[in-house]
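Please read the structure below before turning to the comments.
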Amino acid sequence: MGAPVHGSDLRTDRPERSRRALVAGSVGNFIEWYEFGVYGYFATVIAARFFTPEGGSEAEALVRTYASFALAFFFRPVGAALFGRLGDRVGRRPVLIMVIVLMTVATTLIGVLPTYDTVGALAPWLLTFLRVLQGLSAGGEFGGAVSVMTEFAPPGRRGLYGSWQSFTVALGLLGGAGVAALLATVLSEGQLGDWGWRLPFLLTLPMGLGALWLRLRLDETPSFESLREESRPERPPGREVAKAIALGAGRIMGWAAAGYTFLVVLPSYLQSSLNATFQQALVATVLANLGFAATIIPAGLLSDRIGRRPVMLTGALLVTVLAVPLLNLLQNTGTSNGLKGGAVFVAGAVVGLMAGPGPAMLSEMFPTSVRYTGLGLAYALSNAVFSGCAGLIITETIKRTGSVDIPAYYAAVTCAVSVLALLTLRKEPVRQGS
């Protein structure tokens with residue numbers, strides 16, 4: 001299915017409403033990815049506290065930790081379908097308010113959970129339950145946030161506005177990495193393992209309250225208001241929407257897989273496979289996320305001028321070609337720290353070329369009547385399979401094969417598939433009203 005599903009896409013001409021929508025939509029993404037980043041950065045600590053019964057190895061505990069990580073992602077499509085249907089029927093604003101409350105409560109509670117030493121086998125089950133709630137809320141977050149951003153975007157700026165979703169992902173991951181690095185610096189290893197790891201999760205509470213306040217002040221989008229005024233709003237056939245969802249998931253699978261490989265899984269990989277220290281791994285992750293953040297907004301802006309296809313194709317092709325050489329630089333003990341830092345920065349930057357135009361590209365594939373559900377499901381399905389499973393697949397495959405090149409192969413192969421899906425995008429720049 002090469003052509004997007006078109007629908008009405010009205011915009012507001014009031015800049016203050018657009019800016020308010022941009023901030024209110026972005027803040028939930030920041031919190032969501034801050035938490036997912038923190039969970040990934042503290043994976044080894046969480047493994048020791050929740051998934052290491054007597055006799056269990058560290059590798060087995062890490063695999064179980066990533067299994068819990070993956071499970072949350074597999075509830076994202078459920079959340080996308082549930083909240084997306086509500087968002088397409090009752091409005092973007094009320095559903096985004098519900099989502100931020102659920103996300104904040106679930107994440108904050110992780111910070112007060114009893115560990116395995118305290119409650120035994122109940123500990124991993126409690127953690128997994130909260131991860132499921134996070135998965136549901138995250139599934140409802142993306143579709144609503146991107147719908148709000150792109151439906152409020154001024155004419156010719158949909159790519160730029162949508163790119164802020166991805167940019168706040170980078171900010172969230174950087175925020176998580178910064179908090180983790182600060183704690184690793186000011187606390188001893190024992191303090192970090194005993195109670196220090198809880199602090200980043202507890203910080204979600206004040207952030208969530210601030211996000212809730214912003215969303216309570218949010219207006220409903222002009223596109224949805226217009227749809228609500230129609231007596232019998234048009235909805236595309238279910239089969240057509242399903243095809244668009246599958247195609248959208250394929251177009252962003254490289255972004256999902258490479259993004260999580262380079263931006264979240266990297267710290268645990270460097271520690272477990274390349275014997276890096278916790279601090280070294282976090283520095284590498286910060287550099288990768290800085291590279292990611294640096295290209296997202298320019299890529300979204302460029303896609304408004306020349307189209308989504310050339311920008312996203314460039315990113316996917318670069319990951320396919322550069323993934324293995326960049327990882328080999330990290331593996332080489334003779335490589336200088338400066339060159340290694342440059343390698344992880346470039347790895348993040350090329351992913352940003354896909355992430356910048358990606359939200360607008362998905363939004364343009366669906367009409368207003370099914371946009372929240374359609375783009376949310378495409379994103380959630382791709383992330384469930386290719387992001388949520390990235391840590392589990394990479395860790396388990398390295399364990400079985402002994403090959404430390406697995407992360408590069410994973411990113412390269414998924415991006416190669418995305419190249420094929422992206423070739424179905426139209427070539428011309430996106431015009432106003434398309």
Verify side chain to side chain contact (heavy atoms under 4.5 Å, CB included) between Glu220 and Arg228, making sure each step is shown before the conclusion.
CA-CA 11 Å; Glu220 189 53 79; Arg228 190 151 49 186; 3.9 Å; yes
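Proximity of Leu203 to Tyr34: side-chain heavy atoms (C-beta onward) are separated by under 4.5 Å at one or more points. Looking at heavy atoms from C-beta onward, Met103 lies out of side-chain contact with Glu35 at the 4.5 angstrom threshold.
Under the ring pair (Phe, Tyr, Trp, His ring centres under 6.0 Å) criterion, Phe224 pairs with no residue, sequence neighbours left out.
Relative to the six-membered ring of Trp33, Arg76 meets both conditions, a distance below 6.0 Å and an angle of at most 45° to the axis. In this structure, Arg215 is not positioned above the aromatic face of Trp213 in the sense of NZ or CZ being under 6.0 Å from the six-membered ring centre and within 45° of the axis.
Val404 and Gln331 make their closest contact through O-NE2, 2.9 Å (heavy atoms, listed as atom of the first residue, atom of the second, distance). Of all heavy-atom pairs spanning Pro359 and Ala355, the tightest one is CD-O, 3.1 Å.
Residue pairs that meet the salt bridge (Lys or Arg N to Asp or Glu O under 4.0 Å) test with at least one member in residues 310-330, sequence neighbours left out, do not exist here.
When only modelled atom types and interatomic distance are considered, Thr150 and Arg158 share no side-chain donor-acceptor pair under 3.5 Å. Side-chain atoms of Arg251 and Thr424 form a donor-acceptor pair, as typed in the model, at a separation below 3.5 Å. Defined by atom type and a distance below 3.5 Å, a donor-acceptor pair is present between the side-chain atoms of Gln134 and Thr107.
Proximity of the aromatic rings of Trp197 and Tyr39 is defined here by a centroid distance below 6.0 angstrom, and this criterion is not met.
Checking each of Arg93, Arg20, Arg92 against Asp219 for a salt bridge (Lys or Arg N to Asp or Glu O under 4.0 Å) leaves exactly one that passes, namely Arg20.
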